[in-house]
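Here's the structure we're looking at; comments come further down.
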Amino acid sequence: MLPRRPEYALKFAVNPIVARRIAGGDKSQATLGQLFVAGSVSGVVLTTATYPLEMVKTRITVAEKGEYSSVLDCVRRTATEGRPGELPLRRFYRGYGASLLGSVPYNGAQLGLNSHLRQQYKQSGGSTASGAASVGISLSSSFAGISLSYPFNLVRTKLQTQGVRGRSVLYTGVSNCIAKTVHHEGVRGLFR
């Protein structure tokens with residue numbers, strides 16, 4: 001399976017290494033829980049390494065035409081906007097906590113469940129899943145991951161975009177954003 005985004009190569013490279021370590025050297029002997037942990041760790045590595053780029057991408061996406069003259073202009077302005085005394089690097093990690101909270105269940109379910117279902121399929125039929133079975137396994141594991149992580153993606157986006165283009169700064173962090181969203185929109189507001 002080829003990664004759909006280049007940075008996923010990092011996630012798919014880290015996952016089997018972590019799974020082998022957790023399972024005592026043999027990934028095929030890993031339990032579902034161990035595979036979930038390996039997928040989660042892979043997601044944390046990916047999120048930490050690429051988050052500043054995601055921040056810049058999100059800001060450019062919601063910007064008015066001409067607001068930033070280039071990607072470097074967005075990087076420069078992001079580094080200089082913020083609370084007094086805030087470290088410039090920290091400004092590129094706004095919403096990072098929400099992203100990590102979403103990354104753990106998403107990657108744990110997506111990679112862990114995918115590996116587990118493929119192992120089960122191979123054990124029951126003696127062959128590697130291909131065709132319709134492979135698509136079904138991939139869809140099931142991706143759906144589980146997306147369902148578990150969507151609220152955190154919403155919170156991350158709210159945190160990343162507050163203050164942009166004169167938007168109000170409404171949230172002080174992940175838990176505050178979740179609480180205010182649920183208070184004003186109900187739990188369904190986290191899945192909007």
Side-chain angles (χ1 to χ4, degrees), residues 1 3-8 10-12 14-15 18-19 31-63 74 78 81-83 86 89-117 135-192:
M1 167 171 58
R4 68 172 202 225
R5 293 172 34 176
E7 69 270 18
Y8 281 18
L10 178 61
K11 177 171 79 169
F12 289 120
V14 170
N15 187 56
V18 175
T31 66
L32 177 58
Q34 290 170 325
L35 293 169
F36 184 90
V37 169
S40 297
V41 169
S42 302
V44 168
V45 169
L46 171 71
T47 300
T48 303
T50 63
Y51 195 80
L53 297 172
E54 288 292 323
M55 175 71 164
V56 169
K57 178 196 76 163
T58 300
R59 291 178 71 107
I60 288 173
T61 300
V62 301
C74 181
T78 301
E81 296 170 352
R83 294 183 290 274
E86 182 181 38
L89 183 60
R90 185 168 169 80
R91 294 174 183 146
F92 289 93
Y93 281 88
R94 290 181 188 142
Y96 174 71
S99 197
L100 273 184
L101 288 172
S103 176
V104 168
Y106 174 76
N107 289 295
Q110 182 201 34
L111 294 173
L113 188 57
N114 190 300
S115 294
H116 178 73
L117 292 173
V135 169
I137 289 170
S138 295
L139 285 173
S140 299
S141 57
S142 290
F143 180 77
I146 290 167
S147 298
L148 292 170
S149 67
Y150 189 84
F152 298 108
N153 289 332
L154 177 85
V155 169
R156 179 196 71 211
T157 302
K158 285 183 173 193
L159 291 170
Q160 287 177 336
T161 58
Q162 66 179 354
V164 174
R165 275 197 342 253
R167 287 188 170 103
S168 298
V169 176
L170 302 171
Y171 314 108
T172 58
V174 174
S175 59
N176 180 257
C177 185
I178 291 170
K180 285 184 177 180
T181 300
V182 170
H183 177 75
H184 293 290
E185 303 174 48
V187 173
R188 291 180 65 182
L190 294 173
F191 290 89
R192 165 168 81 94

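Computed from heavy atoms alone, side chains included, the values below leave out hydrogens, waters and symmetry copies. Quick note: residue numbers are just sequence positions, from 1.
A pairwise comparison of heavy atoms in Arg91 and Met55 identifies O-CE, 3.3 Å as the closest pair. Looking at every heavy atom in both residues, Asn114 comes nearest to Ser141 through ND2-OG, 3.3 Å. For the pair Leu101 and Val174, the tightest heavy-atom approach, listed with the atom from each and the gap, is CD1-CG1, 3.8 Å. Minimum heavy-atom separation, Arg94 to Glu81: NH2-O, 2.9 Å.
When only modelled atom types and interatomic distance are considered, Ser99 and Thr47 share no side-chain donor-acceptor pair under 3.5 Å. Checked by atom type, the side-chain pair Tyr93/Thr48 shows no donor-acceptor distance below 3.5 Å.
Atom OG of Ser138 sits about 10.5 Å away from atom CG of Leu113, to the nearest 0.5 Å.
Distance alone, capped at 3.5 Å, places no donor-acceptor pair between the Gln160 side chain and the Thr58 backbone. A donor-acceptor pair under 3.5 Å is formed between the side chain of Lys180 and the backbone N or O of Leu170.
Ring geometry for Tyr150 versus Phe191: interplanar angle under 30°, hence parallel rather than tilted (30 to 60°).
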Before you tell me yes or no, could you show the steps for Ile178 and Phe152 under side chain to side chain contact (heavy atoms under 4.5 Å, CB included), namely the whole-Å CA-CA distance, both residues' side-chain angles and the distance that decides it to 0.1 Å? CA-CA 9 Å; Ile178 291 170; Phe152 298 108; 4.3 Å; yes

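Residues Asn15 and Lys11 form no side-chain contact, since every pair of their non-hydrogen atoms from C-beta on lies 4.5 Å or further apart.
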